[in-house]
Amino acid sequence: MSMLTEAQYEEYIGLLKAWVDAEKAGGPDESATRDAYAAVRSFRERYGLSQGAAGVEAEGAPVRAEWRRGEAGA
């Protein structure tokens with residue numbers, strides 16, 4: 001991870017927790033999961049964090065696959 005301030009690190013952890021909570025909740029509102037993932041990805045891009053670090057990108061792969069399935073079915 002790049003050099004983050006304590007506040008930035010806490011923000012990132014909060015975003016990750018929100019993503020996990022959205023994944024667990026599942027349910028009819030999958031947009032919450034997409035929004036949470038987008039927030040994590042935006043944070044990573046903003047601070048130049050490696051997308052492959054610690055397998056984080058691999059965790060997002062199933063979400064993107066779901067989006068593609070949803071787009072294909074729409």
Side-chain angles (χ1 to χ4, degrees):
M1 203 178 256
S2 67
M3 297 297 292
L4 296 175
T5 66
E6 185 175 342
Q8 291 166 335
Y9 181 74
E10 289 175 4
E11 177 185 357
Y12 186 57
I13 295 300
L15 292 170
L16 291 173
K17 286 180 181 179
W19 181 21
V20 169
D21 290 345
E23 284 281 334
K24 286 180 182 178
D29 187 16
E30 292 181 15
S31 66
T33 301
R34 287 190 296 270
D35 292 347
Y37 176 74
V40 170
R41 186 171 181 178
S42 174
F43 183 95
R44 287 186 200 139
E45 291 171 357
R46 191 172 354 137
Y47 293 104
L49 302 177
S50 171
Q51 295 213 357
V56 174
E57 184 63 22
E59 293 172 12
V63 174
R64 285 193 305 279
E66 279 185 29
W67 292 354
R68 289 186 192 121
R69 281 195 301 271
E71 291 173 1

From Glu6 CD over to Glu11 CD, what is the distance, rounded to the nearest 0.5 angstrom?
13.0 Å

Distance (rounded to the nearest 0.5 Å) between Tyr12 OH and Leu4 CG:
9.0 Å

Determine the minimum heavy-atom distance between Met3 and Gln8, stating which atoms define it.
O-OE1, 4.5 Å

Where is the tightest heavy-atom contact between Val40 and Leu16, given as atom of each residue plus distance?
CG1-CD2, 3.8 Å

side-chain hydrogen bond (donor to acceptor under 3.5 Å, both in side chains) against Glu10, all qualifying residues, sequence neighbours excluded:
none

Which residues satisfy the side-chain contact (heavy atoms from CB on, under 4.5 Å) test with Ala36, sequence neighbours excluded?
Trp19, Ala22

